[in-house]
Amino acid sequence: MNLIANFAVLASRRTIFDLPVCDLGWDDALVFINELASIPVGQTVVCFVNAHNMLTTLRDDEYYRIMSHNLVLPDGIGLNIASQIAHGAPFPANLNGTDFVPAFLTFMEAPRRIGLIGGTRSVVEAAAENFRKHTPWHEFVVVSDGYFDKAEPTDVIEELERQKLDILIVGMGTPLQEKWVHDHIRADHARLVLTVGALFDFVSGAVPRAPKTVRMMRLEWAYRLLQEPTRLWRRYIIGIPVFLFHVLRYRFRRRERILSHPEEHGSALQPRSEHKKAS
(Lines give C-alpha, C1' and ligand atoms only; values in the text may rest on other atoms or scores of the structure.)
Protein backbone atom coordinates (compact mmCIF):
# COMPACT_ATOMS: atom_id res chain seq x y z
CA MET A 1 0.00 0.00 0.00
CA ASN A 2 1.29 3.47 -0.80
CA LEU A 3 2.35 5.91 1.91
CA ILE A 4 -0.73 8.13 1.67
CA ALA A 5 -3.11 5.22 2.20
CA ASN A 6 -0.94 3.96 5.03
CA PHE A 7 -1.07 7.38 6.69
CA ALA A 8 -4.87 7.39 6.46
CA VAL A 9 -5.08 3.99 8.14
CA LEU A 10 -2.94 5.28 10.99
CA ALA A 11 -4.66 8.66 11.28
CA SER A 12 -8.30 7.63 10.97
CA ARG A 13 -8.94 4.12 12.21
CA ARG A 14 -10.55 1.92 14.80
CA THR A 15 -9.07 -1.49 15.48
CA ILE A 16 -11.39 -4.48 15.45
CA PHE A 17 -9.51 -7.62 16.55
CA ASP A 18 -6.36 -5.50 16.06
CA LEU A 19 -7.16 -4.94 12.38
CA PRO A 20 -7.23 -1.19 11.52
CA VAL A 21 -10.59 -0.30 9.96
CA CYS A 22 -11.06 3.21 8.57
CA ASP A 23 -13.65 5.30 10.39
CA LEU A 24 -14.20 7.75 7.55
CA GLY A 25 -17.65 9.13 6.82
CA TRP A 26 -19.23 8.52 3.42
CA ASP A 27 -18.14 11.80 1.80
CA ASP A 28 -14.64 11.68 3.26
CA ALA A 29 -14.17 8.11 2.03
CA LEU A 30 -15.23 9.04 -1.51
CA VAL A 31 -12.90 12.03 -1.58
CA PHE A 32 -9.99 10.12 -0.11
CA ILE A 33 -10.19 7.08 -2.39
CA ASN A 34 -10.68 9.34 -5.40
CA GLU A 35 -7.40 11.02 -4.46
CA LEU A 36 -5.74 7.61 -4.23
CA ALA A 37 -6.95 6.81 -7.74
CA SER A 38 -5.14 9.93 -8.98
CA ILE A 39 -1.74 9.10 -7.51
CA PRO A 40 0.69 8.13 -10.32
CA VAL A 41 2.88 5.90 -8.13
CA GLY A 42 2.34 3.03 -5.71
CA GLN A 43 -0.75 0.92 -5.27
CA THR A 44 -3.65 0.81 -2.82
CA VAL A 45 -5.89 -2.21 -2.30
CA VAL A 46 -9.29 -1.33 -0.83
CA CYS A 47 -11.20 -4.07 0.99
CA PHE A 48 -14.61 -4.19 2.63
CA VAL A 49 -14.91 -6.20 5.86
CA ASN A 50 -18.02 -7.52 7.56
CA ALA A 51 -18.42 -9.78 10.59
CA HIS A 52 -17.69 -12.89 8.53
CA ASN A 53 -14.41 -11.41 7.22
CA MET A 54 -13.37 -10.41 10.73
CA LEU A 55 -13.90 -13.95 12.01
CA THR A 56 -11.77 -15.18 9.13
CA THR A 57 -8.88 -12.98 10.30
CA LEU A 58 -8.91 -14.80 13.66
CA ARG A 59 -8.25 -18.22 12.15
CA ASP A 60 -6.25 -17.26 9.05
CA ASP A 61 -2.99 -15.48 9.84
CA GLU A 62 -2.07 -15.01 6.19
CA TYR A 63 -5.37 -13.27 5.52
CA TYR A 64 -4.91 -11.06 8.58
CA ARG A 65 -1.42 -10.00 7.50
CA ILE A 66 -2.63 -9.14 4.00
CA MET A 67 -5.62 -7.19 5.28
CA SER A 68 -3.45 -5.24 7.72
CA HIS A 69 -1.60 -3.77 4.72
CA ASN A 70 -4.78 -2.86 2.82
CA LEU A 71 -7.20 0.01 3.20
CA VAL A 72 -10.10 -1.60 5.07
CA LEU A 73 -13.63 -0.14 5.08
CA PRO A 74 -16.44 -1.26 7.43
CA ASP A 75 -19.36 -3.20 5.96
CA GLY A 76 -22.51 -3.99 7.87
CA ILE A 77 -24.15 -3.82 11.25
CA GLY A 78 -21.75 -6.35 12.78
CA LEU A 79 -18.84 -3.91 12.46
CA ASN A 80 -20.97 -1.17 14.01
CA ILE A 81 -21.76 -3.36 17.00
CA ALA A 82 -18.08 -4.27 17.37
CA SER A 83 -17.08 -0.60 17.19
CA GLN A 84 -19.73 0.38 19.72
CA ILE A 85 -18.50 -2.24 22.16
CA ALA A 86 -14.78 -1.68 21.61
CA HIS A 87 -14.69 2.08 21.05
CA GLY A 88 -17.95 3.48 22.40
CA ALA A 89 -19.44 4.55 19.06
CA PRO A 90 -20.49 2.96 15.76
CA PHE A 91 -18.61 3.67 12.55
CA PRO A 92 -19.64 6.95 10.88
CA ALA A 93 -20.91 5.12 7.78
CA ASN A 94 -21.71 1.68 6.46
CA LEU A 95 -19.26 1.59 3.55
CA ASN A 96 -20.39 -1.71 2.06
CA GLY A 97 -19.00 -2.39 -1.38
CA THR A 98 -22.36 -2.96 -3.04
CA ASP A 99 -23.34 0.67 -2.41
CA PHE A 100 -19.92 2.28 -2.19
CA VAL A 101 -18.37 1.11 -5.46
CA PRO A 102 -21.17 2.41 -7.76
CA ALA A 103 -21.18 5.67 -5.77
CA PHE A 104 -17.41 5.90 -6.11
CA LEU A 105 -17.59 5.36 -9.88
CA THR A 106 -20.11 8.20 -10.09
CA PHE A 107 -18.01 10.42 -7.84
CA MET A 108 -14.92 10.07 -10.06
CA GLU A 109 -15.30 12.78 -12.68
CA ALA A 110 -12.04 12.01 -14.48
CA PRO A 111 -12.51 9.18 -17.00
CA ARG A 112 -10.79 5.97 -15.89
CA ARG A 113 -10.01 2.67 -17.52
CA ILE A 114 -11.43 0.04 -15.18
CA GLY A 115 -10.92 -3.72 -15.34
CA LEU A 116 -13.20 -6.42 -13.93
CA ILE A 117 -12.22 -9.92 -12.78
CA GLY A 118 -14.60 -12.43 -11.20
CA GLY A 119 -17.94 -14.22 -11.42
CA THR A 120 -19.17 -16.26 -14.34
CA ARG A 121 -18.59 -14.90 -17.83
CA SER A 122 -22.25 -13.92 -18.27
CA VAL A 123 -22.38 -12.21 -14.85
CA VAL A 124 -19.19 -10.16 -15.26
CA GLU A 125 -20.17 -9.15 -18.81
CA ALA A 126 -23.59 -8.01 -17.61
CA ALA A 127 -22.01 -6.17 -14.68
CA ALA A 128 -19.63 -4.36 -17.04
CA GLU A 129 -22.53 -3.35 -19.29
CA ASN A 130 -24.53 -1.98 -16.37
CA PHE A 131 -21.48 -0.09 -15.12
CA ARG A 132 -21.16 1.46 -18.58
CA LYS A 133 -24.78 2.62 -18.43
CA HIS A 134 -24.28 3.93 -14.90
CA THR A 135 -21.07 5.88 -15.64
CA PRO A 136 -20.55 6.10 -19.41
CA TRP A 137 -17.53 8.38 -19.11
CA HIS A 138 -15.45 5.48 -17.75
CA GLU A 139 -14.21 2.58 -19.87
CA PHE A 140 -14.95 -0.87 -18.46
CA VAL A 141 -12.95 -3.90 -19.57
CA VAL A 142 -13.75 -7.50 -18.69
CA VAL A 143 -10.31 -8.95 -18.02
CA SER A 144 -11.51 -12.40 -17.00
CA ASP A 145 -14.27 -14.29 -15.28
CA GLY A 146 -13.40 -15.91 -11.96
CA TYR A 147 -12.94 -19.42 -13.32
CA PHE A 148 -9.25 -19.60 -14.09
CA ASP A 149 -6.26 -21.30 -12.51
CA LYS A 150 -5.61 -19.10 -9.49
CA ALA A 151 -2.15 -20.58 -8.91
CA GLU A 152 -1.02 -20.16 -12.55
CA PRO A 153 -2.94 -17.16 -13.91
CA THR A 154 -0.55 -16.48 -16.78
CA ASP A 155 -3.23 -15.58 -19.32
CA VAL A 156 -4.98 -13.23 -16.89
CA ILE A 157 -1.74 -11.46 -15.95
CA GLU A 158 -0.82 -11.05 -19.62
CA GLU A 159 -4.23 -9.53 -20.30
CA LEU A 160 -3.78 -7.14 -17.38
CA GLU A 161 -0.43 -6.05 -18.77
CA ARG A 162 -1.98 -5.48 -22.17
CA GLN A 163 -4.99 -3.48 -20.95
CA LYS A 164 -3.12 -0.67 -19.10
CA LEU A 165 -5.81 -0.16 -16.44
CA ASP A 166 -6.20 2.63 -13.91
CA ILE A 167 -8.44 0.65 -11.55
CA LEU A 168 -9.07 -3.06 -11.09
CA ILE A 169 -12.22 -4.48 -9.47
CA VAL A 170 -11.89 -8.10 -8.29
CA GLY A 171 -14.90 -10.12 -7.15
CA MET A 172 -13.92 -13.68 -6.25
CA GLY A 173 -15.00 -14.01 -2.62
CA THR A 174 -13.11 -13.66 0.64
CA PRO A 175 -10.36 -14.52 1.47
CA LEU A 176 -9.45 -15.82 -2.00
CA GLN A 177 -9.68 -12.44 -3.73
CA GLU A 178 -7.45 -10.61 -1.23
CA LYS A 179 -4.83 -13.37 -1.25
CA TRP A 180 -4.84 -13.57 -5.04
CA VAL A 181 -4.48 -9.82 -5.45
CA HIS A 182 -1.65 -9.78 -2.92
CA ASP A 183 0.20 -12.57 -4.75
CA HIS A 184 -0.33 -11.49 -8.36
CA ILE A 185 -1.42 -7.88 -8.89
CA ARG A 186 1.37 -5.33 -9.27
CA ALA A 187 1.25 -1.55 -9.25
CA ASP A 188 1.76 -1.46 -13.02
CA HIS A 189 -1.41 -3.55 -13.44
CA ALA A 190 -3.55 -0.99 -11.58
CA ARG A 191 -2.82 1.75 -9.05
CA LEU A 192 -6.12 1.17 -7.25
CA VAL A 193 -7.61 -2.28 -6.63
CA LEU A 194 -11.04 -2.89 -5.11
CA THR A 195 -11.91 -6.36 -3.78
CA VAL A 196 -15.68 -6.59 -3.84
CA GLY A 197 -16.96 -10.12 -3.15
CA ALA A 198 -20.40 -10.68 -4.71
CA LEU A 199 -20.76 -7.18 -6.16
CA PHE A 200 -20.93 -8.39 -9.77
CA ASP A 201 -23.87 -10.65 -8.90
CA PHE A 202 -25.84 -7.64 -7.64
CA VAL A 203 -24.79 -5.20 -10.37
CA SER A 204 -25.58 -7.70 -13.13
CA GLY A 205 -29.01 -8.43 -11.67
CA ALA A 206 -28.22 -12.13 -11.22
CA VAL A 207 -28.93 -11.77 -7.48
CA PRO A 208 -31.59 -9.26 -6.37
CA ARG A 209 -30.79 -6.84 -3.57
CA ALA A 210 -32.98 -6.38 -0.55
CA PRO A 211 -35.63 -3.64 -0.86
CA LYS A 212 -34.44 -0.20 0.18
CA THR A 213 -36.55 -0.26 3.35
CA VAL A 214 -34.90 -3.50 4.45
CA ARG A 215 -31.45 -2.05 3.76
CA MET A 216 -32.27 1.10 5.76
CA MET A 217 -33.26 -1.13 8.69
CA ARG A 218 -29.81 -2.82 8.39
CA LEU A 219 -31.47 -6.19 7.77
CA GLU A 220 -30.04 -7.00 4.35
CA TRP A 221 -28.24 -9.95 5.90
CA ALA A 222 -31.62 -11.48 6.85
CA TYR A 223 -32.93 -10.93 3.32
CA ARG A 224 -29.88 -12.70 1.87
CA LEU A 225 -30.31 -15.55 4.36
CA LEU A 226 -33.89 -16.07 3.18
CA GLN A 227 -32.68 -16.09 -0.42
CA GLU A 228 -29.84 -18.57 0.09
CA PRO A 229 -30.45 -20.41 3.37
CA THR A 230 -28.41 -23.50 2.44
CA ARG A 231 -25.29 -21.50 1.61
CA LEU A 232 -25.58 -18.74 4.22
CA TRP A 233 -27.19 -20.25 7.32
CA ARG A 234 -23.87 -21.11 8.94
CA ARG A 235 -22.45 -17.63 8.27
CA TYR A 236 -25.38 -15.82 9.91
CA ILE A 237 -27.08 -18.22 12.34
CA ILE A 238 -23.80 -19.43 13.83
CA GLY A 239 -21.39 -16.74 12.66
CA ILE A 240 -23.14 -13.71 14.19
CA PRO A 241 -23.28 -15.08 17.78
CA VAL A 242 -19.69 -16.32 17.47
CA PHE A 243 -18.59 -12.91 16.23
CA LEU A 244 -20.31 -11.12 19.13
CA PHE A 245 -18.69 -13.55 21.58
CA HIS A 246 -15.25 -12.72 20.20
CA VAL A 247 -15.99 -8.98 20.25
CA LEU A 248 -16.94 -9.09 23.93
CA ARG A 249 -14.03 -11.32 24.85
CA TYR A 250 -11.59 -9.13 22.95
CA ARG A 251 -12.93 -5.98 24.61
CA PHE A 252 -12.42 -7.31 28.12
CA ARG A 253 -9.04 -8.87 27.36
CA ARG A 254 -7.91 -5.64 25.74
CA ARG A 255 -8.93 -3.74 28.86
CA GLU A 256 -7.00 -6.20 31.03
CA ARG A 257 -3.90 -5.81 28.84
CA ILE A 258 -4.06 -2.02 29.01
CA LEU A 259 -4.43 -2.03 32.79
CA SER A 260 -1.66 -4.62 33.24
CA HIS A 261 0.78 -3.26 30.62
CA PRO A 262 -0.05 0.38 29.83
CA GLU A 263 3.34 0.85 28.14
CA GLU A 264 2.26 -1.62 25.43
CA HIS A 265 -1.02 0.15 24.67
CA GLY A 266 -1.11 1.18 21.05
CA SER A 267 1.03 -1.66 19.78
CA ALA A 268 -0.91 -3.69 17.23
CA LEU A 269 1.54 -6.60 17.21
CA GLN A 270 1.61 -7.81 20.81
CA PRO A 271 -2.17 -7.69 21.37
CA ARG A 272 -2.66 -9.63 18.12
CA SER A 273 -0.34 -12.39 19.34
CA GLU A 274 -2.12 -12.70 22.67
CA HIS A 275 -5.53 -12.69 21.06
CA LYS A 276 -4.58 -15.43 18.61
CA LYS A 277 -3.46 -17.66 21.44
CA ALA A 278 -6.82 -17.24 23.09
CA SER A 279 -8.88 -17.89 19.98
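Counting from 1, the numbers follow the sequence of the chain as shown.
Between Phe104 and Phe32, the ring center distance fails the sub-6.0 Å criterion.
If you chain together hydrophobic residues whose side chains sit under 4.5 Å apart, Val207 and Leu116 never meet in one group. Linking ILVMFWY side-chain heavy atoms closer than 4.5 Å, directly or via other members, places Ile33 and Trp26 in a single hydrophobic cluster. Under a hydrophobic-cluster definition in which Ile, Leu, Val, Met, Phe, Trp and Tyr are linked whenever side-chain heavy atoms come within less than 4.5 Å, directly or via other members, Phe140 and Phe202 are assigned to different clusters. Transitive grouping of hydrophobic side chains (ILVMFWY, heavy atoms separated by less than 4.5 Å) keeps Ile117 and Ile66 in distinct clusters. Placement of Leu248 and Val242 within a single hydrophobic cluster is found when ILVMFWY residues are connected by side-chain heavy-atom separations under 4.5 Å, directly or transitively.
Distance check: Leu71 CG to Leu36 CG gives 6.5 Å after rounding to the nearest 0.5 Å. How far CD of Glu139 is from CG of Asp166: 9.5 Å, rounded to the nearest 0.5 Å. Distance check, rounded to the nearest 0.5 Å: CD1 of Ile157 to CD of Glu161 gives 7.0 Å. Distance check, rounded to the nearest 0.5 Å: OG1 of Thr154 to CG of Asp149 gives 8.0 Å. To the nearest 0.5 angstrom, Ser144 atom OG is 8.5 Å from Glu159 atom CD. Taken from CG in Leu165 to CZ in Arg162, the straight-line distance is 10.0 Å, to the nearest 0.5 Å.
Pairing each heavy atom of Cys22 with each of Leu73, the nearest pair is CB-CD2, 3.9 Å. Listed here is the closest heavy atom pair of Phe243 and Gly78: CE2-O, 3.2 Å. Of all the heavy atoms in Ser83 and Pro90, the pair that sits closest is OG-C, 3.9 Å. Of all non-hydrogen atoms in Ser204 and Ala127, the two that sit nearest each other are CB-N, 3.8 Å. When every heavy atom of Val49 is checked against every heavy atom of Leu79, the shortest pair comes out as O-CD2, 3.4 Å. In terms of heavy atoms, Ala37 sits closest to Ile167 at CB-CD1, 4.3 Å.
The side-chain tip of Arg121 does not point at the ring of Tyr147 from less than 6.0 angstrom away and within 45° of straight on. Phe148 carries Lys150 over the face of its six-membered ring, with the cationic atom under 6.0 Å from the centre and within 45° of the normal.
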Side chain to side chain contact (heavy atoms under 4.5 Å, CB included), that's the test. Do Asp75 and Leu95 meet it? Break it down for me. CA-CA 5 Å; Asp75 172 1; Leu95 301 176; over 6 Å; no

Chi angles and distances behind the side chain to side chain contact (heavy atoms under 4.5 Å, CB included) call for Val141, Arg113: CA-CA 7 Å; Val141 178; Arg113 187 168 171 81; 3.8 Å; yes

Start with the C-alpha distance between Leu160 and His184, add both sets of side-chain angles, then the distance that settles side chain to side chain contact (heavy atoms under 4.5 Å, CB included), and finish with yes or no. CA-CA 11 Å; Leu160 282 169; His184 298 286; over 6 Å; no

Show your reasoning for whether side chain to side chain contact (heavy atoms under 4.5 Å, CB included) applies to Asn70 and Thr44. CA-CA 7 Å; Asn70 293 342; Thr44 302; over 6 Å; no

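Between the side chains of Asp18 and Tyr250, a donor-acceptor pair is found at a separation under 3.5 Å. Judged by distance alone, the side chains of Arg112 and Ser38 do bring a donor and an acceptor atom under 3.5 Å apart. No donor-acceptor contact under 3.5 angstrom links the side chains of His52 and Thr174, judged on distance only. No hydrogens or angles considered: nothing links the side chains of Arg186 and Gln43 as a donor-acceptor pair under 3.5 Å.
Look at Arg65 and Asp60 and you find no salt bridge, because none of the NZ, NE, NH1 or NH2 atoms lies under 4.0 Å from a carboxylate O. Using a cut-off of 4.0 Å between Lys/Arg side-chain N and Asp/Glu carboxylate O, Arg14 and Asp23 are scored as salt-bridged.
Taking 4.5 Å as the limit, some side-chain heavy atom of Leu55 sits within range of a side-chain heavy atom of His246. Here the side chains of Phe100 and Thr98 are not in contact, with every heavy-atom distance at 4.5 Å or above. Using a 4.5 Å heavy-atom threshold, the side chains of Ile114 and Phe131 count as separate. The side-chain heavy atoms of Val101 and Ile169, taken from C-beta on, include a pair separated by under 4.5 Å. The shortest side-chain heavy-atom distance between Thr15 and His87 falls under the 4.5 Å cut-off. Contact annotation: the side chain of Leu24 never approaches that of Phe91 to less than 4.5 Å [non-hydrogen atoms, C-beta and beyond]. Side-chain contact check for Met67 versus Cys47: some heavy-atom pair is nearer than 4.5 Å. Within the 4.5 Å cutoff, no side-chain heavy atoms of Tyr64 are placed close to those of Thr56.
For the pair Trp137 (side chain) and Met108 (backbone), a donor-acceptor distance under 3.5 Å is present. Here the side chain of Asp145 pairs no donor or acceptor atom with the backbone of Gly119 at under 3.5 angstrom. Between the side chain of Thr135 and the backbone N or O of His138, no donor-acceptor pair lies under 3.5 Å.
Applying the salt bridge (charged side-chain N to carboxylate O under 4.0 Å, His left out) rule to pairs touching residues 192-203 yields nothing, sequence neighbours excluded.
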